[in-house]
Visitor: 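Got a structure for you, written out below as structure tokens; questions coming shortly.
Note that the structure is predicted; figures quoted are calculated from it, not measured.
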Amino acid sequence: MDDRSKIHLGHQTLVAKALGALEPSTNGLVPAIHMATTFARESDGNYRPGHVYGRADSLSVHQAENVIAALESADEAMLFVSGMAAAAAVIMSLPPQSHIVASDMMYWGLRKWLQSVGRFGHSITFADTSDLNAVAAAMKPGMTKLVWIETPSNPLWTVTDIAAVCEIAHAIDADVCVDSTIPTPIFTQPLLLGADMVMHSATKYLNGHSDIVAGALATVQRSDLWERVRALREELGTALGSFEAWLLVRGMRTLDVRVRTQARSAQIIAERLLDRPEIEAVLYAGLPSHPGHRTALRQMQGGFGGMLSIRLADEVTAKRVARRTRLWKHATSFGGIESLIEHRASIEGEGTSCPRDLLRLSVGLEDVEDLYADLCTALSGSSAEDL
Ligand SMILES: *Cc1c(COP(=O)(O)O)cnc(C)c1O
């Protein structure tokens, strides 16, 4: 029996116990890793347990999907080999000639890929989804099939009102998919706000240990689109592998405690950095000065996440600060145990809309006093060096 049969368990309990299922052959508290890719027929020719061939998925993948579904208050979840594969499966499964509306500020890799949806016969309009008038203006009744939002979004942490966008989209029968990688299900549950689908780069907070690449989708209601996404995943073989799924379950057991600590530290660091003379702006949805703060207060519970950005005098200064930190590792990605700092414009390359004086910070699980001190050392030395 798993613990979902007892209703109203908190997120902390859900993740800590990974639904509480015991490994049936030993009563182990930790699931086995199911590596088999082919399964014997029974004497009557049936595949009673339902498994046929490993390209579709595996029991280890199901176990991880069940945890994600419970966290997102979803009926079903699906895991993919990456966040990009999850997002691409949705786009490629839309009806032909679909029009898509998407946040103009979002994870750059996905934004870049979305620019070429024409190859699937679709068209796309990028809009400032934090502005509901802009969302409404971008919709094409009868043509728009999907609205794709990310909130708070990379790298300015722009906040989109999920419930309000759902209302606009549903009025013309368009679905809404929310990339909820940044807030995680601990701080925001888009499906409860009306979204049709949630997507995660599970590479980031869900796994949390910077050792797998994975993507997830979850939905409240199985739809034709959902079934086409599942079929495509099986046809192309883009389901997550069993070992990665097992690691993901292990990682998710500490999701609640990790992201709450990271959000608490991010809030402290953001507030203190406001007073540093070297800093032109601190971008964090948890600061009252942030343009999305009021909406974030309404749709985020318990914290504003572990990501923030700072803007410095110019690009040279920003890069110098990133080079001078010791505890904050100068690396891309985010959501792991270790704190990271990154000059986003450099990795996004040509055509980036990221300000060149911006550094993105992913707050890890180190002592917040150590993290702040390390930043201060890097900031105060940043103008004297390299002259
Ligand atoms: C990393 C990321 C993605 C892409 O996911 P991968 O797992 O790297 O394929 C999508 N959206 C957001 C917000 C991300 O941070």
Side-chain angles (χ1 to χ4, degrees), residues 107 152 154-157 181-184 186-187 201 203-205 207-211 251 254-290 302-348 354-387:
Y107 170 67
N154 269 291
L156 307 179
W157 320 113
T181 301
I182 305 289
T184 80
I186 304 301
F187 298 130
S201 169
T203 312
K204 317 290 169 48
Y205 288 108
N207 182 59
H209 293 72
S210 311
D211 52 12
T254 54
L255 175 66
D256 188 279
V257 68
R258 277 190 283 108
V259 299
R260 283 188 202 280
T261 303
Q262 288 164 329
R264 207 160 38 237
S265 296
Q267 183 79 39
I268 292 169
I269 290 168
E271 284 171 9
R272 288 192 193 169
L273 286 176
L274 284 175
D275 297 330
R276 292 289 307 197
E278 304 89 342
I279 292 193
E280 301 292 321
V282 184
L283 306 172
Y284 183 60
L287 293 177
S289 56
H290 192 278
F304 301 93
M307 299 298 299
L308 65 140
S309 296
I310 52 177
R311 297 187 64 175
L312 293 121
D314 50 41
E315 176 169 2
V316 177
T317 313
K319 285 181 166 169
R320 219 183 271 149
V321 171
R323 274 202 307 276
R324 282 181 54 90
T325 55
R326 293 290 169 267
L327 290 179
W328 300 76
K329 296 300 174 204
H330 193 182
T332 195
S333 195
F334 61 88
I337 280 171
E338 57 291 316
S339 292
L340 305 180
I341 191 164
E342 183 181 32
H343 184 251
R344 278 306 288 174
S346 297
I347 190 143
E348 295 187 8
C354 180
R356 304 209 66 91
D357 54 17
L358 180 145
L359 292 176
R360 187 181 78 175
L361 280 67
S362 170
V363 179
L365 290 175
E366 304 89 340
D367 186 319
V368 64
E369 297 303 333
D370 294 342
L371 288 176
Y372 185 65
D374 188 42
L375 269 181
C376 288
T377 307
L379 284 169
S380 55
S382 63
S383 49
E385 212 187 79
D386 288 354
L387 290 173

Visitor: Over all heavy atoms of both residues, which pair between Leu327 and Asp374 is shortest? Give the atoms and the distance, please.
Guide: N-OD2, 2.7 Å

Visitor: Can you find a pair of side-chain heavy atoms, one from Arg276 and one from Cys376, that are under 4.5 Å apart?
Guide: yes

Visitor: How long is the gap from CD1 on Ile182 to CZ on Phe334, to the nearest 0.5 Å?
Guide: 3.5 Å

Visitor: For residues Val368 and Val363, determine if any side-chain heavy atom of one lies less than 4.5 Å from a side-chain heavy atom of the other.
Guide: no

Visitor: Between Thr181 (side chain only) and Ser201 (backbone N and O only), is there a donor and an acceptor less than 3.5 Å apart?
Guide: yes

Visitor: Nearest heavy-atom pair of Pro152 and Pro183: which atoms, and what distance?
Guide: CD-CD, 4.0 Å

Visitor: CH2 of Trp328 to CG of Leu375: how many Å apart, nearest 0.5 Å?
Guide: 5.0 Å

Visitor: If we ignore hydrogens and angles and just use 3.5 Å, is the side chain of Ser309 paired with the main-chain N or O of Arg360 as donor and acceptor?
Guide: no

Visitor: Does a side-chain heavy-atom distance below 4.5 Å link Glu271 with Ile268?
Guide: no

Visitor: I need the minimum non-hydrogen distance between Gly305 and Ala266, along with the two atoms involved.
Guide: O-CB, 3.6 Å

Visitor: CG/Leu361 to CG/Leu273 distance, rounded to the nearest 0.5 angstrom?
Guide: 7.5 Å

Visitor: Is the backbone N or O of Ala322 less than 3.5 Å from a side-chain atom of Arg324, with the two atoms forming a donor-acceptor pair by type?
Guide: no

Visitor: Do Glu342 and Ser333 have side chains that approach each other closer than 4.5 Å (heavy atoms only, starting at C-beta)?
Guide: no

Visitor: For the side chain of Tyr284 and the backbone of Ile310, is there at least one donor-acceptor N/O pair under 3.5 Å apart?
Guide: no

Visitor: Looking at Asp357 and Arg311, is any side-chain nitrogen of the basic one under 4.0 Å from a carboxylate oxygen of the acidic one?
Guide: yes

Visitor: From Glu338 CD over to Glu366 CD, what is the distance, rounded to the nearest 0.5 angstrom?
Guide: 7.5 Å

Visitor: What I want to check is whether the side chains of Asp314 and Thr317 have a donor and an acceptor closer together than 3.5 Å.
Guide: yes

Visitor: Any side-chain heavy atom of Leu156 sitting closer than 4.5 Å to one from Pro355?
Guide: yes

Visitor: Do Ser346 and Lys319 have side-chain heavy atoms sitting under 4.5 Å apart?
Guide: yes

Visitor: Taking Ser362's backbone N and O only, do any of them form a donor-acceptor pair with Gln262's side chain (distance below 3.5 Å, no angle check)?
Guide: no

Visitor: Let me confirm one number: the NE2-CZ distance from His330 to Arg323, rounded to the nearest 0.5 Å.
Guide: 8.5 Å

Visitor: Heavy atoms only: give me the nearest Phe187-Ala263 pair and the separation to one decimal.
Guide: CZ-CB, 3.6 Å

Visitor: How long is the gap from NE2 on His290 to CG on Leu308, to the nearest 0.5 Å?
Guide: 10.0 Å

Visitor: Donor-acceptor check, side chain of Arg258 to backbone of Gly251, threshold 3.5 angstrom: yes or no?
Guide: yes

Visitor: Do NZ/NE/NH1/NH2 and the carboxylate oxygens of Arg356 and Glu348 come within less than 4.0 Å?
Guide: no

